[in-house]
Protein chains: 2
Amino acid sequence: MAGRGRPRAFDRDTALRRAMEVFWKQGYEATSMMDLTSAMGIASPSLYAAFGSKEALFKEAVELYNATEGAPMTRALTELPSAKDAVESVLRHNARADAQEGGPSGCMIVLAATNCSTANAPVRDHLATRRRAGTEMMARRLERAVREGELPAGTDTEAMAVFYTTVIQGMSVQARDGASSACLDRTVDRAMAAWDAVAGASTA
Amino acid sequence: MAGRGRPRAFDRDTALRRAMEVFWKQGYEATSMMDLTSAMGIASPSLYAAFGSKEALFKEAVELYNATEGAPMTRALTELPSAKDAVESVLRHNARADAQEGGPSGCMIVLAATNCSTANAPVRDHLATRRRAGTEMMARRLERAVREGELPAGTDTEAMAVFYTTVIQGMSVQARDGASSACLDRTVDRAMAAWDAVAGASTA
DNA sequence: GAGTTTCTGTGTCGATCAGCACAGAAATCG
DNA sequence: CGATTTCTGTGCTGATCGACACAGAAACTC
């Protein structure tokens, strides 16, 4: 691993983490190169040499976000024996993470590129794909719950996953508007109290 | 009303409506002056003379949005005799409006300035205030339902209003991601099936 | 008609955007 | 040691941002 030329003077992982925090707080388009370089402690050519472009840096930041902030959710959905406990765990984690002190408010995947210019449509679509992947993961967990008898046969697992995803995404908007963790938890209380009704709901 | 000087060559209301549609579709920051002038059919000095600035134009566009798109929701909350019917009407209206063909997807108040640079913080705060106003209106309607006996005494009307607001805001994100009106309606089905559980939920 | 007022269209302002050219600096290899 | 390779920092690029100066055009009042 001994590089041939002059070694990099900054830690790539640390710089990427700083970039992620800025993108998380300000979103993709509202973050300028100067915001990034000053937060990462490097000059712009170093950024381009190490990450390629602003867009490539953002996608790496999203991956890092998924690997760190998203890990507890993935673990809950795959490891907890009860689907209801798993979904509640995901919601509780979001309520805590979305409003945590010192950090940006709300989920980066939801908020970082909801509205952006057509020139940056690839960035928006990239996050939209990530959001759909989250819904898919929850839907598969609910299907398993049906197979295991935790949820009644015939449950519309797809609609149920969309419902809880909708609540999660709404919570990010609430957090960005200043809602406290306690306030988000009250919403989680209600979303979970509705579990049986949500599972048993028909398409009207 | 006879103006003294040269009369305006464009219809102010029509131009404002066009501006609203652009802001609705692209958000505040992603919309450039050129987007606005070409959509409104006027040159930039005419825009500044008639509306003051990009920010002032946006705020007028938000008022127009409230007066048109938001009117059915306000009417439902004030006129329908049942709070449950009123909230369901609001949700159904959102499901239809958020995913209507030919128009922008999702609610403008929710999506037009979720993430923007610090320079445009006033715009973001303006929309956040509007969002809180919507929650407040629903909370007052639920309080009335408690007074009238439709909801049990001791119902946490504030938390209940926040819950349904969260669902509405999440639906806008879903619509922006391409969810159909039918898909949003399935979420409404579940949110309304949960009515009694949501009303009776405690703070865990 | 002349004078006044207001709007329109062209052209451009300084600031800022993402991105890169270039040369000097710091490491390894022979 | 010299040669090579890679990174760093300064400073710039064309493009675009929101906003406006200016002069001509079109209505009014007298």
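Throughout, a chain's letter reflects where its sequence line sits, starting with A, and its residues are numbered from 1.
Of the candidates dA27(C), dT8(C), dT8(D), dA27(C) carries the atom nearest the P7(A) side chain, counting heavy atoms from C-beta on. Distance from the side chain of R4(A) is smallest for dT5(D) among the nucleotides dT5(D), dC20(D), dG19(C). In the set dG9(D), dA18(C), dA19(D), dA19(D) carries the atom at the smallest distance from any side-chain atom of Y48(B).
Under the side-chain contact (heavy atoms from CB on, under 4.5 Å) test applied with V162(B), the options M171(A), Q174(A), R190(A), R186(A) reduce to a single match, Q174(A). Of the listed residues (Q169(B), K25(B), R176(B), Q26(B)), just one forms a side-chain contact (heavy atoms from CB on, under 4.5 Å) with L111(B), and that residue is R176(B). The side-chain contact (heavy atoms from CB on, under 4.5 Å) test with L64(B) is passed by exactly one of M20(B), M108(B), E69(B): M20(B).
Side chain of S172(A) to backbone of C107(A): a donor-acceptor contact under 3.5 angstrom is found. At distances below 3.5 Å, not a single donor-acceptor pair connects side-chain atoms of T155(A) with backbone N or O atoms of T157(A). Looking at K59(B), its side chain never comes within 3.5 Å of a backbone N or O of K54(B) through a donor-acceptor pair.
Within a 6.0 Å radius of CZ in R18(B), other residues, nucleotides and ligands contribute 12 heavy atoms or fewer.
Contacts between residues 119-126 of chain A and DNA chain C, defined by a heavy-atom separation below 4.0 Å, involve no residue at all. Taking a 4.0 Å limit (strictly below) on heavy-atom distances, residues 13-36 of chain A does not reach DNA chain D anywhere.
Comparing G5(A) and F10(B) by the nucleotide of DNA chain C that holds the closest heavy atom to each, the one mapping nearer the 5' end is F10(B). Toward the 5′ end of DNA chain D lies the nearest nucleotide of I42(A), the other residue of the pair G52(B) and I42(A) mapping further downstream.
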Original post:
Given the rule in the salt bridge (charged side-chain N to carboxylate O under 4.0 Å, His left out) test, do E136(B) and R132(B) qualify, once you have shown the distances and angles that lead to the verdict?
Top reply: CA-CA 6 Å; E136(B) 271 305 306; R132(B) 270 188 285 270; over 6 Å; no
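Taking the six-membered ring where tryptophan is involved, the planes of Y164(B) and W195(B) are tilted, since the angle between them lies from 30° to 60°. Using cut-offs of 30° and 60° on the angle between ring planes, the pair Y28(B) and F23(B) is parallel.
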Which protein N or O atoms sit under 3.5 Å from an N or O of nucleotides 21-24 of chain C?
from    : atom 1 : to    : atom 2 : distance (Å)
dG24(C) : N2     : R6(A) : NH1    : 3.2

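Spacing between atom CZ of R8(B) and atom C1' of dG9(C) amounts to 16 Å, rounded to whole angstrom units. If you measure from atom CZ of F51(B) to atom P of dA19(D), you get 14 Å, rounded to the nearest angstrom. For the pair K54(B) NZ and dT16(D) C1', the interatomic distance rounds to 12 Å; values are reported in whole Å.
Within the 4.0 angstrom heavy-atom criterion, only backbone atoms of the sugar-phosphate kind lie near A9(B); the bases stay farther away.
Using a 4.0 Å cut-off between charged side-chain N and carboxylate O, D85(A) and R92(A) make no salt bridge.
Proximity of S46(A) to the phosphate of dT8(D): a side-chain N or O atom is located under 4.0 Å from OP1 or OP2.
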